[in-house]
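Notes for the one structure printed next.
If you read the sequence from its start, that first residue is 1, and numbering goes on from there. All figures in this text were calculated on a predicted structure; none of them were measured in a lab.
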Amino acid sequence: MKEQHFDLIVLGSGPAGSTVATKAVEDGKSVAIVESREYGGTCALRGCNPKKVYANAGTLIDQVRRAEGKLVVGSESIRIDWENLLRFKQEFTQPVKEERESSFQSDGIATFHGNATFTGPNRLSTGSELLSASRIVIATGATPTKIDVPGSQHIRTSDEFLELAKLPKHVVFIGGGYISMEFAHVVARCGSDVTIVERDGSVLSGFDPDLVEQLTQYSRRRGIQFRFDATMTAIESDAGGSYRVQFEEGEPIECGLIVHGAGRVPNINSLDLQTGGIAFDKDGITVDKTLRSTTNEHVFAAGDCAASGVPRLTPTANEEARILVKNLFSDQPESIPDYGPIPKVAFTTPAIAAVGLSEKDAAKSFDIEVRTEDSSSWGSVRKTGDVVAGYKILVDKQTDQVVGAHLLGPGAEETINLFALAMKFELSATDIKSTLFAFPTYSSDVRRML
C-alpha cells in the first residue's frame, strides 16, 4: 500500500494534540491526526468536563442538605436522579463526539482511526494505513494502571462509571486518588454505600496530609467508608451480578460495582516506541526542555504521556501545546514551557486544593513560617451550613513570599488561583494581605490566612 506523507502527524486528539494540529494547518502544513478512540480526548469526553458535571451535582445536594433548618426546609425531598444526570452530562460530551472529527476535516486535517505503531523513526502504521511525517507529536494521554488480581475483569474504569444509567446499593472504589475521592462524594450524596480501598494509610497523596485528614474525617461523617492498608487478593462474582472483594486481612466487601481509581500511567505501550528509536520510562516519553524526544529528532511529546516532570493536568498540556507550536518546525527549537506555580484541585465536596511546595519540601529549602488553622468555624464557611474547611500557607521568612498554599473548603477550587497568581508574580505575603478583596467572599478570607 502506498505510504501517505505529511508535514505533521499528531497521535491523540485531546487538548494538546488538537491545538498543535489546528495551529499547524493554519500555518499551511499538511497535517494528520490518528485517534484510537472517539475524537475529542479524555478531558472533554471522559475526564475534567464530564466529571465536573457530576461533582456539581454532589456539591449542590450537599449544600442544600447542610442548609436544612437554616437556609432552607424540605431538603429531604431533594435527590440526584442518576439517569437525568447522565443525560445532562451527555449534553457536553455528545456534541464533541459528533463534531470534533468533522471539524478537523473541515480545517483540512486528515483523520485516521486505530492504534498507531512506529515502523521507523518517522513512520507509522495504523490499521492498513502507512504514514510518514517530518514531525510527529505524541499526545496519547494516560490509561488506567493495570490491577493484577484474579477477577480484575470485573473492575470498571472511570470511563464506564460516567456512562452508568443507575447506581447499585454499594460501590467500591479501588485506590484513593482523584477519581475515587471525587466520585465517592457524588455517590454518597445519592444514598448508595461507598467504600474506598487504599493500600496505603491515607488518600490523596499529592495534597497536604493535615488537610487530607480533615477531609477524610468529614467524608466519614458523610457516609464514605475507608479500608486503609488494604491488599486486595481477588474479586469474585455471583450469578446475581454482585461482587465480593477479598483481602489479605479483614472481612471481604460485598458490593454491586467496583470502580478503578488506582492511578493512571502514560498511554504508550502499544506504540512500539523502540522501533521508532524513542526513549521512554515509567513516567512517559523522555523529552528535553523543548519537549523534543531525547533520542529521535522527528518526535515531540506533550501532555500525560510526556515525562516533562510536571503534574498531568489539562493546563500543563495546554502550555506544552503552545510551546510545541513554536518549536515543531524550527531549525533550532528553543522555546520552553512557562508553567509557573501549577495549582491542582480534587473536586471532592468540599474541594481540596494546592499550589507550590508541600510543607515537607518547603522546609528543605526555606526557613518557613507555617500559617495554618481549621477554619470550619469562620463566618464565610458557617454561612453555607455545617461543612469542613482549613488552610496551610507556607511563607519564606527571609523574602516574605508564599512558597506553598493548601486549602480545603467551600471555594477552595477558585481561591487557590489567587495564590497561583501571587506566586507567579512574586508578590509577598504582605502585598497579598494589603490587597482589598470584595467582601464577603471566600477570596476575602485570604487576608485573614496571611
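Other residues, nucleotides and ligands contribute only 12 or fewer heavy atoms inside 6.0 Å of the CD atom of Q398. For E249, the CD atom is loosely surrounded, since the number of other residues' heavy atoms within 6.0 Å does not exceed 12. Applying the 6.0 Å contact sphere to NZ of K70 captures more than 12 heavy atoms from other residues, nucleotides or ligands. Summarising the local packing, NZ of K23 is surrounded by 12 or fewer heavy atoms from other residues, nucleotides or ligands at distances under 6.0 Å. Heavy atoms of other residues, nucleotides or ligands lying less than 6.0 angstrom from CG of D288 number more than 12. Summarising the local packing, CZ of R220 is surrounded by more than 12 heavy atoms from other residues, nucleotides or ligands at distances under 6.0 Å. By the 6.0 Å contact criterion, CZ on R199 is open, its count of non-hydrogen atoms from other residues, nucleotides or ligands being 12 or less.
Screening E198, M232, H260 for a side chain to side chain contact (heavy atoms under 4.5 Å, CB included) with I174, the sole residue that qualifies is M232.
A donor-acceptor pair is defined here as one N or O able to donate and one able to accept, closer than 3.5 Å; no such pair exists between the side chain of S180 and the backbone of G177. Without hydrogens or angle criteria, T286 side chain to A279 main chain gives a donor-acceptor distance under 3.5 Å. Looking only at distances, no side-chain donor or acceptor of S192 sits under 3.5 Å from a matching main-chain atom of A188. Without hydrogens or angle criteria, S102 side chain to E99 main chain gives a donor-acceptor distance under 3.5 Å. A donor-acceptor contact shorter than 3.5 Å links the side chain of T59 to the backbone of A55. Between the D107 side chain and the I109 main chain, no donor and acceptor come within less than 3.5 Å of each other. Judged by distance alone, the side chain of T22 and the main-chain N or O of S18 form a donor-acceptor pair under 3.5 Å. Checked by atom type and distance alone, the side chain of Q214 pairs as donor or acceptor with a backbone atom of A389 at under 3.5 Å.
Residues D62 and T349 have side chains that never bring a donor and an acceptor to within less than 3.5 angstrom of each other. Side chains of R66 and T384: a donor on one and an acceptor on the other come within 3.5 Å. Checking N327 against T290 by side-chain atom types alone, no donor-acceptor pair falls below 3.5 Å. Side chain to side chain, T157 and D159 fail the donor-acceptor criterion of an N or O pair below 3.5 Å.
Taking the charged nitrogens against the carboxylate oxygens, E163 and K89 do have a contact shorter than 4.0 Å, which makes a salt bridge. Between R100 and E38, no side-chain nitrogen of the basic residue sits less than 4.0 Å from a carboxylate oxygen of the acidic one, so the salt-bridge criterion is not met. The pair E68-R65 fails the salt-bridge criterion, with no side-chain N (NZ, NE, NH1 or NH2) lying under 4.0 Å from an Asp/Glu carboxylate O. Between D304 and R264 there is no salt bridge, since none of the side-chain N atoms of the basic residue sits less than 4.0 Å from a carboxylate O of the acidic one. A salt bridge links D338 to K424: one of the charged nitrogens lies within less than 4.0 Å of a carboxylate oxygen. In summary, D361 and K364 engage in a salt bridge, as defined by a charged side-chain N under 4.0 Å from a carboxylate O.
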Apply the test ring pair (Phe, Tyr, Trp, His ring centres under 6.0 Å) to residues F437 and Y442: give CA-CA distance (whole Å), side-chain angles for both, the deciding distance (0.1 Å), then the verdict.
CA-CA 9 Å; F437 296 105; Y442 296 125; over 10 Å; no
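Geometric assessment of K51 against the ring of F347 yields a negative cation-pi assignment under the 6.0 Å and 45° thresholds.
A tilted orientation is assigned to the rings of Y391 and W378, their planes being inclined by 30° to 60°. By the 30° and 60° cut-offs, the orientation of the rings of F183 relative to F161 is tilted. Ring planes of F228 and F226: parallel class, angle under 30° (limits at 30 and 60°).
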